[in-house]
Protein chains: 2
Amino acid sequence: MSAPAAGPPERDPPPSAPVEDYLKAVYECELRSGSAATSDLAAALQVAPASVTGMVRRLASQGYLDHVPYRGVQLTPRGRAVALRTIRRHRVLESYLTAVLGVPWDRVHEEAERLEHAASDDLVERMAAALGHPRTDPHGAPIPTAEGTIAERTLGSLADLAPGATARVVMVSDRNPALLRYVAEIGLHPGTEVMLVARAPFGGPLTLRIGDRDTQVGPTLAAQLRVEDSAERAGAVECAAARPADGTTAPTGTP
Amino acid sequence: MSAPAAGPPERDPPPSAPVEDYLKAVYECELRSGSAATSDLAAALQVAPASVTGMVRRLASQGYLDHVPYRGVQLTPRGRAVALRTIRRHRVLESYLTAVLGVPWDRVHEEAERLEHAASDDLVERMAAALGHPRTDPHGAPIPTAEGTIAERTLGSLADLAPGATARVVMVSDRNPALLRYVAEIGLHPGTEVMLVARAPFGGPLTLRIGDRDTQVGPTLAAQLRVEDSAERAGAVECAAARPADGTTAPTGTP
DNA sequence: TCCCAGAATTAGGCGACCCTAAAAGCCCCC
DNA sequence: GGGGGCTTTTAGGGTCGCCTAATTCTGGGA
């Protein structure tokens with residue numbers, strides 16, 4: 001009651017939609033490359049680099065980011081909390097819209113991208129509960145908990161797989177609807193087992209065995225397909241034929 | 001291909017959330033009092049009157065409104081289409097969130113108020129389909145069709161009912177969550193038959209018979225309760241006792 | 001008819017986000 | 001060790017939506 005300069009009870013306004021988008025983008029850049037450069041963010045957010053600099057300054061002044069000029073940014077715990085909360089909303093929404101309302105796989109991302117800024121926590125938790133608290137979204141990406149923890153896994157790219165090796169597709173890291181549609185069309189849903197049959201030299205197409213069918217895909221597409229971590233994959237290579245199904249259920253590691 | 005000045009194929013950007021809110025407010029003001037004054041809109045939107053003037057000018061220049069300075073505004077067909085589309089989204093969302101996800105009656109409005117600007121038409125139609133294309137929202141308000149027609153009915157206020165008369169509550173025209181909670185608590189859900197037992201003089205409380213219980217409510221609350229149109233009500237008065245249930249099902253006229 | 005209270009509009013500003021162009025900094029390669 | 005190329009930041013604007021204060025208009029009553 002008399003504390004003069006200590007923790008003031010002032011509560012700043014909730015983060016705006018652009019703020020949530022920036023923090024989400026920083027989180028994803030950090031995850032991918034360990035750090036987030038201005039140009040990475042500009043590309044991810046489809047915004048001019050100068051705009052990123054301005055917003056980053058503001059976010060840093062509000063305690064969401066640490067910014068070392070010319071050196072990129074890092075999330076503070078406060079910023080990470082907002083990012084994970086936003087990602088949870090996004091992925092729960094994607095799961096719900098797909099599973100309950102039948103929104104197609106390749107269109108659900110853009111829908112969730114807008115709704116994630118408008119849905120209340122209460123609503124998101126109701127959706128999660130209706131689905132039995134799923135651990136991954138329909139693209140195979142892990143859903144952070146309401147408490148802000150996430151089971152991130154280091155994933156490899158299908159493009160890096162050794163010929164003859166088998167791996168489980170975990171997710172597709174591209175948002176392009178046409179690409180998503182095509183990936184679904186050739187049967188590469190999250191959780192699918194796929195074997196790299198052959199790789200043509202000089203950036204030529206990769207031959208994949210999906211189920212009992214062989215399909216050829218370009219290296220660009222293959223690079224977008226995230227598969228289980230290379231360590232696990234190395235194991236998978238050795239006993240690929242001997243291990244037809246170890247955990248064919250959920251694409252994410254269930255405990 | 002050579003038309004020099006005819007209909008240019010330029011498509012302007014989709015209306016922003018504030019624009020949708022303004023047009024919705026104009027629609028509701030027109031419905032209530034036949035016209036929309038600057039001060040009405042300012043009150044409805046919780047915004048300074050000067051802000052309304054500015055926005056109204058912009059909306060008029062974009063063809064959403066007709067504005068006669070110092071005389072108020074009117075929706076153009078284009079503006080009405082946006083308003084009805086927004087109201088449809090809002091009411092379908094309210095219906096879905098209440099019926100499927102169990103969002104409480106008194107909290108669903110604010111949730112829909114945000115989601116209505118973010119949900120795609122496709123999503124809203126999926127929700128409507130999942131519910132079997134409802135005609136009214138949980139507050140009893142009619143839902144416009146996807147084509148933009150609405151079955152508006154002129155509703156009276158419970159406060160204007162003659163003592164002894166019976167009417168069916170159609171909706172509550174107040175967004176105050178505490179009021180909505182109280183109204184639900186005393187059993188006044190949309191569709192409920194209610195009889196005005198007595199009215200204390202000089203702005204005193206009204207005694208209502210709801211089911212087999214009498215409840216007293218203040219005139220302010222009673223004024224918020226919309227009941228079937230007075231013409232129908234007049235009829236209802238005369239054969240109130242003789243007509244226990246004519247269409248006890250849906251509060252809106254089902255064909 | 002005149003006047004005045006209340007409603008509406010104009011004037012002048014502010015913050016959030018975005019842009020282009022120009023300047024500055026960083027780093028690798030010669 | 002000095003450039004040159006790419007990245008980042010600064011400088012200077014623009015739009016949208018909102019605000020307060022000052023001004024103008026409208027309409028009803030004396």
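Atoms considered below: every heavy atom in the structure, side chains included; atoms not considered: hydrogens, waters and symmetry mates. Lettering of chains follows the sequences in order, A, B, ..., and the numbering in each one begins at 1.
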Seminar exercise, completed: salt bridge (Lys or Arg N to Asp or Glu O under 4.0 Å) test vs B:Asp121 passes for just one of B:Arg85, B:Arg88, B:Arg126, namely B:Arg85
Exercise. Can you name the closest pair of heavy atoms from A:Pro138 and A:Trp105 and give their distance?
Worked result: O-NE1, 3.0 Å
Exercise. How long is the line joining CG of B:Leu41 and C1' of D:dC18, in whole Å?
Worked result: 15 Å
Seminar exercise, completed: Rounded to whole Å, CD of B:Gln46 lies from C1' of D:dC18 at a distance of 14 Å
Seminar exercise, completed: Of A:Asp21, A:Val73, A:Thr53, the one forming a side-chain contact (heavy atoms from CB on, under 4.5 Å) with A:Leu41 is A:Val73
Exercise. Just checking, is any N or O donor in the side chain of A:Thr86 or A:Glu116 under 3.5 Å from an acceptor N or O on the other one?
Worked result: no
Problem set entry | Nucleotide-resolved protein contact map, nucleotides 5-14 of chain D, B/S/- at heavy-atom distance under 4.0 Å | ---BBB----
Exercise. Is there a side-chain hydrogen bond (donor to acceptor under 3.5 Å, both in side chains) between A:His109 and A:His90 once you walk through the steps?
Worked result: CA-CA 8 Å; A:His109 173 71; A:His90 182 96; 3.1 Å; yes
Problem set entry | Residues within residues 14-23 of chain A bordering DNA chain C, heavy-atom distance below 4.0 Å | A:Ser16, A:Pro18, A:Tyr22
Exercise. B:Leu23 and B:Ala83: which non-hydrogen atoms are nearest, and at how many Å?
Worked result: O-CB, 3.6 Å
Problem set entry | Whole angstrom value for the distance that separates P of D:dC16 from NE2 of B:His117 | 18 Å
Problem set entry | Rounded distance (Å) that lies between atom P of D:dG17 and atom CD of B:Gln62 | 8 Å
Seminar exercise, completed: A:Met55 CE to C:dC19 P, in whole Å, measures 11 Å
Problem set entry | For the student: nearest non-hydrogen atoms of B:Ser120 and A:Glu111, plus distance | OG-OE1, 2.6 Å
Exercise. Counting only N and O atoms by type, is there a donor-acceptor contact under 3.5 Å from the side chain of B:Glu20 to the main-chain atoms of B:Val82?
Worked result: no
Problem set entry | Atom pair distance, as rounded to whole Å: CG in B:Leu59 and P in D:dC16 | 11 Å
